[in-house]
Amino acid sequence: MSRFCARLACHWASRAARADPSSEVAWDKPPAALTPIWQLAKLFADDRNRVLREAGIDAATLDLLSVLRRSGPPYVLSTREIAERTLVTAGAISQRLTRAERDGLVQRAPGATGRRTVQVKLTAEGHALIERSVDAVLGREATLVSGVSPHERTTLMELLDKLMTYVRRRTASESL
């Protein structure tokens with residue numbers, strides 16, 4: 001545990017004495033575990049945004065072009081397929097496509113199955129941009145996690161997956 005996190009845990013523990021004794025909240029435990037996660041999320045997000053800026057792309061465009069790139073040649077998907085694979089609304093997809101089309105990264109065309117179907121194709125310029133961007137992002141992320149061994153990364157991924165599963169289940173049941 002970092003010195004900062006240890007100090008924070010001590011601070012919360014000292015507050016626990018003043019907390020309501022009937023409360024189920026363990027004031028000394030969650031911050032010690034969650035503070036580094038929040039700090040890492042902020043550090044990773046800020047660094048990724050910097051890398052993306054340097055690559056000339058934003059996160060929304062990266063998401064859009066990545067979905068098209070992962071679809072494989074000929075890099076064409078319907079707007080419905082893009083929305084399903086990005087987990088954003090149809091309105092957000094429309095905005096992303098308008099910007100990307102304006103920038104020459106994608107082309108839209110009517111689909112063969114009906115008037116309302118729109119096919120989106122990754123252009124050569126869009127393909128080049130996504131390749132450069134993904135290389136930059138993945139390279140940087142590999143550098144950032146190189147401070148832990150492959151075995152430690154595997155353990156970390158297993159623990160984070162376990163926590164993610166629990167939190168998703170817990171938050172889904174509490175939102176009903």
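All values derive from a computational prediction rather than experimental measurement. Nothing fancy with the numbering, it's 1 onward along the sequence.
- Side chains of Ile130 and Ser66 form a contact here, defined as non-hydrogen atoms less than 4.5 Å apart.
- Taken together through direct or relayed side-chain contacts under 4.5 Å among Ile, Leu, Val, Met, Phe, Trp and Tyr, Val145 and Leu43 form parts of separate hydrophobic clusters.
- Asn49 places a side-chain N or O within donor-acceptor distance of the main-chain N or O of Ala45, the cut-off being under 3.5 Å.
- Taking NE2 from His127 and CZ from Arg132, the interatomic distance works out to 11.5 Å, rounded to the nearest 0.5 Å.
- Electrostatic pairing of Arg50 and Asp46 does not count as a salt bridge here, judged by no charged N lying under 4.0 Å from a carboxylate O.
- Listed here is the closest heavy atom pair of Ile93 and Thr79: CG2-O, 4.4 Å.
- Hydrophobic clustering (ILVMFWY, side-chain heavy atoms < 4.5 Å, transitive): Leu129 and Val76 are in distinct clusters.
- Nearest heavy-atom pair, Arg99 versus Ala60, reported as atom, atom and distance to 0.1 Å: NH2-CB, 3.9 Å.
- One finds the NZ atom of Lys42 at 11.0 Å from the CG atom of Asp47 (value rounded to the nearest 0.5 Å).
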Query raised in the report: Can Leu163 and Ile37 be said to form a side-chain contact (heavy atoms from CB on, under 4.5 Å), step by step?
Result: CA-CA 11 Å; Leu163 181 61; Ile37 293 172; 4.0 Å; yes
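- A donor-acceptor contact under 3.5 angstrom links the side chains of Thr61 and Asp58, judged on distance only.
- For the side chain to side chain contact (heavy atoms under 4.5 Å, CB included) with Ser133, the lone residue among Leu65, Leu138, Leu62 that qualifies is Leu62.
- When hydrophobic clusters are built by joining Ile, Leu, Val, Met, Phe, Trp and Tyr residues whose side-chain heavy atoms come closer than 4.5 Å, directly or via intermediates, Tyr166 is not grouped with Leu159.
- No side-chain heavy atom of Val134 sits less than 4.5 Å from a side-chain heavy atom of Val137.
- Here Leu122 contributes atom CG and Glu131 contributes atom CD; the two are 8.5 Å apart, rounded to the nearest 0.5 Å.
- Annotation: the span from Met157 atom CE to Leu160 atom CG amounts to 9.0 Å, rounded to 0.5 Å.
- Although no hydrogens or angles enter the test, the distance criterion places no donor-acceptor pair under 3.5 Å between the side chain of Ser71 and the main chain of Leu77.
- Between the side chain of Ser78 and the main chain of Gln119, no donor-acceptor pair closer than 3.5 Å is present.
- Nearest heavy-atom pair across Arg69 and Tyr75 is O-CE2, 3.4 Å.
- The structure places CZ of Arg80 at 8.5 Å from CZ of Arg116, a figure rounded to the nearest 0.5 Å.
- Judged purely by atom type and a 3.5 angstrom limit, Ser94 has no side-chain atom pairing as donor or acceptor with the backbone of Gly91.
- Scanning for salt bridge (Lys or Arg N to Asp or Glu O under 4.0 Å) contacts around Asp103 gives an empty result, with sequence neighbours left out.
- Taken together through direct or relayed side-chain contacts under 4.5 Å among Ile, Leu, Val, Met, Phe, Trp and Tyr, Leu87 and Val67 form parts of separate hydrophobic clusters.
- From Glu81, atom CD reaches atom OG1 of Thr117 across 9.5 Å, with rounding to the nearest 0.5 Å.
- When only modelled atom types and interatomic distance are considered, Arg108 and Thr98 share a side-chain donor-acceptor pair under 3.5 Å.
- For the side-chain hydrogen bond (donor to acceptor under 3.5 Å, both in side chains) condition, the pairs that include at least one residue of residues 152-162, sequence neighbours left out, are Ser149-Glu152.
- The side-chain heavy atoms of Val120 and Leu68, taken from C-beta on, include a pair separated by under 4.5 Å.
- Put simply, the side chain of Arg96 reaches to within 4.5 Å of the side chain of Val88, judged on heavy atoms.
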